[in-house]
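What you see below is based on every heavy atom in this structure, not just the backbone, and it leaves out hydrogens, waters and symmetry mates.
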Amino acid sequence: MPKLTIDGIEIEVEKGTSVLQACEQLGIEIPRFCFHDRLSVPANCRMCLVEMERSPKPIASCAMPAGDGMVIHTNSDVVHKARKGVMEFLLINHPLDCPICDQGGECDLQDQAMAYGFDRSRFAENKRAVKEKYLGPLIKTFMTRCIHCTRCIRFADEIAGVPELGATGRSEHMEIGTYIEKAITTELSGNMIDICPVGALTSKPYAFSARPWELKRTETIDVMDAVGSNIRVDSRGGEVMRTLPRLHEAINEEWISDKTRFAYDGLRRQRLDRPYVRRDGKLEQATWPEAFGAIAEAMEGLEGSAMAAIAGDLCDVEAMYALKGLMASVGSPNIDCRQDGAKLQPDVRASYLFNTGIAGIEEADAILIVGSNPRWEAAMVNARIRKRWLQGGLKVGVIGPQVDLTYRYDYLGAGPDTLKALADGSIEFAETLKSAKKPMLILGQGALTRDDGGQVLAATRAVADGFGMVKDGWNGFNVLHTAAARVGGLDIGFVPGEGGRDVAGILAGAGEGAIKLVWLLGADEIDSSALSNAFVIYQGHHGDRGAHAADVILPGAAYPEKNGTYVNTEGRVQHAKMAVFPPGDAREDWTILRAFSQQIGKALPFDDLHQLRRKLAEDHPVFAEIDRLHPAEWQPFGNDGEMGSAVFASPIETFYMTDPISRASITMAKCLDEIEGRAAAE
């Protein structure tokens, strides 16, 4: 390990560490524009210059490997003069846009100019002007501000895996663009806004709407998929203004998907902000007592077996726990959180978790993907697979949809027949799995929501056992969820009790008249037309599919409007926090259920959120620890029997619209039209 001296302090670093990284280990801040920890090193901005003894000129610290015996100075007159010179050149053509620039207050160039800039320019030449580029409905460009750091190009090529950006021309005539004017077709494009060190790339939906110092920042959790990305919601008054990523190395690193980042405008549209009761076939506004009274009247005289509850994909655990308690109090075993019909079994936790953890992908040397399109179903998981693939030594095999996953893979086949052949060893990829030290299987919901999903689950478990995917210190069997509420619902047992009906049974029972009352907790992905003969209570935050079938609507809170618990696909318990208050008369979901339970004389055993969470942790100890992963015990699971012959298909038809919030988003509608629509046409 090389040992070097930086500003008089001796430090020993790992081989391959750059001088800039060695300086940061000592807490010495080195200015930079082109360098980014997660991107390749171009060394083209020269802002990170430092002085190295015996070197005739300052060196670019980002590109210089730390060597044994080096003596580095980061605060000398030579360094300051060099950096001031670089800054002077950078500002020659940079426009004086700070008063109108959306990057103002969060701009790396502003910050560095304060330290190394000058109060006047020595250049009299005209500043250059560059025509704006069209990058789609999400990114607004001001390319005259561009300083050619190439971060966006490297991100598109290396992280997103969509090399659609590049540079044309040289020197002062160099311009960055898409060559052919079109929208960037990556679901991670918004991250380019974050890594742009100037105001060349800004958010088009957020443009000119707020200044960063006006906003309240709330650290919370994303629910647009089951990854549980850590995010920061910036709000002003009662309105969410933007969503940004928050660093969590084990989950999303510092990236988020475009749906997570830009779907927030759906929070303002099609909202349910007051109770409604259907009278004479028409939904009319009502008070909370009137709505509760209508439900209590509908429940009167019904046996528990005639009532049912379905939880949707965005529900927090507290709301599901309260609804489960309410259904138990009226004697109903008909509850289910698997509104897509996934054949998942809550009694074996290892059977429905991403057991290696998302970060565990970086340890795998062979990955088998079954019935999943991770690029659409969990963009951050797909980005992690690409990151591991770029490091080399990873083989990926796919059984299911044949799509562009941004990395090379062996396409093995489309359905269960291929899975059988792989288990038999008659496919070449079987040898890859056998020889792998840490093989991994990723099972998608497209393979589990079928009628034979239980058999597919058993078959993939057999593959995991047969190829040594489960061993001491490593469980390579992973289920990739698409619903933020799913793992939490399974953890608390929000599934049919003894003799109870699942979602399909509830819908069938409602059509037959056996189920007379159905409580939909944000359940919008079911065939609500099957509920026409039942009394339907819809509790949720958007006037989506479930609300159209409702006899009573109870307005709930969306995810940035409540304090809630979510469990991501790897079984990590996380807390979402309230950023803004719910609109109008809407309330947090668990409080609605608690109030109604008291109205019917079956009060739930908690009065506030702390009591609820304490009771939840007592009943289900997994909720006692936040942001921790615990290995689940490996036990037999799945159903015996033959799998069908139908091919596996992704459960997501379109990336940009998968839930009530994204379906209400104008920005997501533009993306669907301009990005997915154009990609499909091509």
Can you list the residues that meet the ring-ring contact (aromatic ring centres under 6.0 Å, His included) rule with Phe354, with sequence neighbours excluded?
->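 With neighbours one apart ignored, the set is empty.
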In sequence, state the C-alpha distance, the side-chain angles, and the governing distance for Arg268 and Tyr264, and then conclude on side chain to side chain contact (heavy atoms under 4.5 Å, CB included).
-> CA-CA 8 Å; Arg268 299 194 291 267; Tyr264 64 86; 4.2 Å; yes
Ser332 side chain to Met307 main-chain N or O, any donor-acceptor pair under 3.5 Å?
-> yes
Okay, side chain of Asn355, backbone of Ala350: is any donor-acceptor separation there less than 3.5 Å?
->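 Yes, Asn355 side chain to Ala350 backbone: donor-acceptor pair under 3.5 Å.
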If you measure from [atom1] on [X] to [atom2] on [Y], what distance do you get to the nearest 0.5 Å?
X: Tyr276; Y: Glu290; atom1: OH; atom2: CD; answer: 13.0 Å
X: Ile592; Y: Arg587; atom1: CD1; atom2: CZ; answer: 8.5 Å
X: Ile310; Y: Met320; atom1: CD1; atom2: CE; answer: 14.0 Å
X: Leu517; Y: Ile295; atom1: CG; atom2: CD1; answer: 8.0 Å
X: Phe477; Y: Leu368; atom1: CZ; atom2: CG; answer: 11.0 Å

Any non-hydrogen side-chain atom of [X] less than 4.5 Å from a side-chain atom of [Y]?
X: Asp340; Y: Gln445; result: yes
X: Arg486; Y: Asp313; result: yes
X: Leu448; Y: Leu443; result: yes
X: Ile537; Y: Ile553; result: no
X: Ser329; Y: Ser597; result: no
X: Leu616; Y: Val317; result: yes
X: Leu353; Y: Val487; result: yes

So, for [X] and [Y], which heavy atoms are closest and what is the spacing to 0.1 Å?
X: Gly357; Y: Leu629; result: CA-CD1, 4.2 Å
X: Pro651; Y: Glu377; result: CD-OE2, 3.3 Å
X: Ile256; Y: Asn230; result: CG2-O, 4.4 Å
X: Pro289; Y: Gln599; result: O-NE2, 4.4 Å
X: Ser257; Y: Met380; result: N-SD, 3.9 Å
X: Ala547; Y: Asp524; result: N-OD1, 4.3 Å

Pair Tyr656 + Trp376: ring centers closer than 6.0 Å | no
Is the ring centre of Tyr321 less than 6.0 Å from the ring centre of Phe623?
-> no
Determine whether the side chains of [X] and [Y] contain a donor N or O and an acceptor N or O closer than 3.5 Å.
X: Gln574; Y: Asn568; result: no
X: Asp265; Y: Thr667; result: yes
X: Asn382; Y: Glu187; result: no
X: Ser665; Y: Ser662; result: no

Atom [atom1] of [X] with >12 non-hydrogen neighbours under 6.0 angstrom:
X: Lys420; atom1: NZ; value: yes
X: Asp640; atom1: CG; value: no
X: Glu618; atom1: CD; value: yes
X: Asp451; atom1: CG; value: no
X: Gln598; atom1: CD; value: no
X: Lys343; atom1: NZ; value: yes

Check against salt bridge (Lys or Arg N to Asp or Glu O under 4.0 Å), Glu219 and Arg246 = CA-CA 8 Å; Glu219 295 184 347; Arg246 188 160 53 93; 3.7 Å; yes
List, one per line, each side-chain donor-acceptor pair under 3.5 Å for residues 488-513, sequence neighbours excluded.
| unit_1 | atom_1 | unit_2 | atom_2 | d |
| --- | --- | --- | --- | --- |
| Asp491 | OD1 | Arg349 | NE | 2.9 |
| Asp491 | OD1 | Tyr352 | OH | 2.5 |
| Asp491 | OD2 | Arg349 | NH2 | 2.9 |
| Arg501 | NH1 | Gly505 | O | 3.0 |
| Asp502 | OD1 | Ala504 | N | 3.3 |
| Asp502 | OD1 | Gly505 | N | 2.8 |

Electrostatic pair [X]:[Y] at N-O distance under 4.0 angstrom:
X: Arg663; Y: Asp659; result: no
X: Arg271; Y: Glu561; result: yes
X: Arg594; Y: Glu588; result: no
X: Arg279; Y: Glu284; result: yes
X: Lys562; Y: Glu318; result: no
X: Asp280; Y: Lys282; result: no

Would Lys259 and Phe655 count as a side chain to side chain contact (heavy atoms under 4.5 Å, CB included) if you check the C-alpha gap in whole Å, the side-chain angles of each, and the deciding distance to 0.1 Å?
-> CA-CA 8 Å; Lys259 184 166 56 178; Phe655 169 76; 3.9 Å; yes
For Asn475 and Thr356, run side chain to side chain contact (heavy atoms under 4.5 Å, CB included): C-alpha distance rounded to whole Å, both residues' side-chain angles, the deciding distance at 0.1 Å, then the answer.
-> CA-CA 6 Å; Asn475 186 339; Thr356 62; 5.5 Å; no
Can you list the steps and then say if Thr658 with Thr482 is a side chain to side chain contact (heavy atoms under 4.5 Å, CB included)?
-> CA-CA 9 Å; Thr658 55; Thr482 57; over 6 Å; no
Cation-aromatic face contact Arg461/Phe637, 6.0 Å, 45 degrees =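 Because its charged atom sits under 6.0 Å from the ring centre and within 45° of the axis, Arg461 does stack over Phe637.
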Not counting sequence neighbours, list each pair that qualifies as a salt bridge (charged side-chain N to carboxylate O under 4.0 Å, His left out) and has a residue in residues 526-540.
->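 Those involving residues 526-540 do not exist here.
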